[in-house]
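Read the structure below first, then the notes.
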Amino acid sequence: MRLTVSGNDLEFQRGETVLHVLARHGIQLPSVCRAGLCRACLLRVVRGDPGPAGRAALDGVLQADGYFLACTARPAGDLTVALAEADAFTPGELLSVQPAGSGVLRVRVRPRLRLDFRAGQHVALRVPGGIVRVYSIASLPAEAREAGIEFHVRRYPGGAMSGWLTGAASGDAVGLGRPGGSCHYRPEDPGCPLLLAGTGTGLAPLAAIARDARAHGHGGPIIAVQGGAYSAGRGGPPPPGPGWPPPIRPRTCLLSRGEDIVTAVVAELADLPGVADARAYLCGAPEVVASMRRALFMSGLSLGRIHCDAFAAAVTDAGGTAGSGVR
């Protein structure tokens with residue numbers, strides 16, 4: 001079987017993903033999670049069928065436009081594809097990059113065209129040099145036109161994206177991929193209890209979800225559980241938690257005090273009125289999110305009411321540099 005891209009005919013075996021075939025032939029495609037979550041490896045079908053697995057995580061609009069994800073697509077026959085260029089990325093400009101403490105950069109990007117999104121979703125950012133990383137949105141749609149869309153980017157030593165951002169200037173061109181993810185507020189359920197839980201940069205999109213709920217006049221209780229490793233003066237900085245507006249009640253869990261965020265989340269769920277009616281929003285490292293999700297489900301909350309954004313682990317670029325800012 002053959003995979004054709006940019007005029008190159010590449011042989012592949014049944015069962016291989018398109019991303020693996022490209023990498024095996026020395027063609028580098030942006031990819032972060034490699035699990036169908038980040039949308040960084042979008043390709044467009046010219047001829048053939050990439051198979052259902054490559055389209056499963058995409059919305060109907062992207063599917064109708066012929067897009068699929070190279071990391072999950074396993075075609076059963078010959079396939080001709082085109083790289084996703086300008087039509088998959090909305091042009092934008094960098095407004096500002098500011099230190100936010102705890103090794104995090106607060107980045108604001110203004111799209112030059114309309115970009116429909118919900119607070120808490122994630123998008124792929126593309127900057128000069130072919131660097132693509134995925135970040136959660138930490139601002140509201142109404143703020144995008146004037147103040148831009150806010151992202152919190154963790155700095156990594158030698159990191160490609162955080163390194164570029166550190167030296168970038170206001171007005172530099174960036175691209176924004178199509179927003180995705182189910183971790184966003186649902187205005188059709190305005191009275192249910194909300195339980196928000198996350199660590200590190202995962203707190204920024206959760207704060208945006210809380211503000212979105214407030215903007216929609218949410219009437220149920222909102223509890224925010226933020227996790228960190230150390231308190232101030234105990235070997236590290238305090239958790240970079242946002243300023244939660246009242247009546248949102250925050251709770252901080254610190255490993256240095258022997259506290260566990262999974263245990264705390266379960267305890268907070270038990271204290272909420274109408275446990276089965278609550279909605280949970282979880283952001284952070286995959287293993288932490290998975291543990292919280294499992295514990296909440298075992299405590300009586302259905303999986304359909306648990307909305308997760310598990311941040312992809314850092315990957316290695318073609319040049320051998322650890323990928324930076326994977327949220």
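Source: prediction; values computed, not measured.
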Could you tell me whether the side chain of Asp78 and the main chain of Arg2 form a donor-acceptor pair under 3.5 Å?
yes
Looking at side-chain heavy atoms only, is the closest gap between Val225 and Cys253 below 4.5 Å?
yes
Are Val5 and Val18 co-members of a hydrophobic cluster defined by side-chain heavy atoms under 4.5 Å apart?
yes
Can you give me the closest heavy-atom contact between Ile137 and Ala208, atom names plus distance?
O-CB, 4.0 Å
State, with a plain yes or no, whether a side-chain heavy atom of Cys183 is found less than 4.5 Å away from one of Cys283.
yes
In terms of hydrophobic clusters joined by side-chain contacts under 4.5 Å, are Leu196 and Leu269 together?
no
Answer yes or no: is there an ion pair linking Asp271 with Arg249, defined by an N-O contact shorter than 4.0 Å?
no
Gap between atom CG of Leu296 and atom CZ of Arg305 - 0.5 Å precision
12.5 Å
Checking Gln226 side chain against Thr252 main chain: does a donor-acceptor pair fall under 3.5 Å?
no
If I take atom CZ from residue Arg110 and atom CG from residue Leu176, how far apart are they, to the nearest 0.5 angstrom?
12.5 Å
Taken to the nearest 0.5 Å, the spacing of Leu194 CG from Ile209 CD1 works out to 9.0 Å
Given 3.5 Å as the limit, does a donor-acceptor pair link the side chain of His152 with the main chain of Gly202, or not?
no
Evaluate the side-chain proximity of Val81 to Phe68: yes if any heavy-atom separation is below 4.5 Å, no if none is.
yes
In this structure, would Leu272 and Ile306 fall into the same cluster of hydrophobic residues linked by side-chain contacts under 4.5 Å?
yes
With side chain to side chain contact (heavy atoms under 4.5 Å, CB included) as the test, pick out the partner of Met161 among Leu125, Val132, Val134.
Leu125
Check: His218 side chain, Pro190 main-chain N or O, donor-acceptor pair, under 3.5 Å:
yes
Same cluster or not: Val266 versus Val275, using hydrophobic residues (I, L, V, M, F, W, Y) connected whenever any side-chain heavy atoms lie under 4.5 Å apart?
no
Taking side chain as C-beta onward, heavy atoms only, is Phe117 less than 4.5 Å from Val123?
no
Do Thr166 and Val97 touch side chain to side chain, with heavy atoms closer than 4.5 Å?
no
Determine whether Asp172 and Val127 make a side-chain contact, defined as any pair of heavy atoms from C-beta on separated by less than 4.5 Å.
no
Are Tyr281 and Leu140 connected in a single hydrophobic cluster, I mean Ile/Leu/Val/Met/Phe/Trp/Tyr linked by side-chain heavy atoms less than 4.5 Å apart?
no
Salt bridge (Lys or Arg N to Asp or Glu O under 4.0 Å) involving Arg251 - partner list, sequence neighbours excluded:
Glu268
If only atom types and distance count, is the side chain of Thr80 paired as donor or acceptor with the main-chain N or O of Thr4 below 3.5 Å?
no
CE of Met292 to CG of Leu195, rounded to nearest 0.5 Å, is 9.0 Å
Donor-acceptor pair, Tyr185 side chain versus Ala210 backbone, under 3.5 Å?
no
Could you state the interatomic distance from OG (Ser139) to CZ (Arg108), rounded to the nearest 0.5 Å?
6.0 Å
Value rounded to 0.5 Å, distance of NE2 in His20 from CG in Leu3
13.0 Å
Please answer whether the main-chain N or O of Arg106 pairs with a side-chain N or O of Glu150 as donor and acceptor at a distance below 3.5 Å.
no
Do Cys308 and Leu282 have side chains that get closer than 4.5 Å, going by heavy atoms?
yes
Report yes or no: does Arg155 contribute a side-chain atom to a donor-acceptor pair with the main-chain N or O of Val153 at less than 3.5 Å?
no
Taking Ser170 for its side chain and Leu95 for its backbone only, find out whether a donor-acceptor pair lies under 3.5 Å.
yes
For the pair Asp65 (side chain) and Leu62 (backbone), establish whether a donor and an acceptor sit closer than 3.5 Å, ignoring hydrogens and angles.
no
Considering non-hydrogen atoms only, spot the tightest contact between Gln63 and Arg55 and give its length.
NE2-O, 3.0 Å
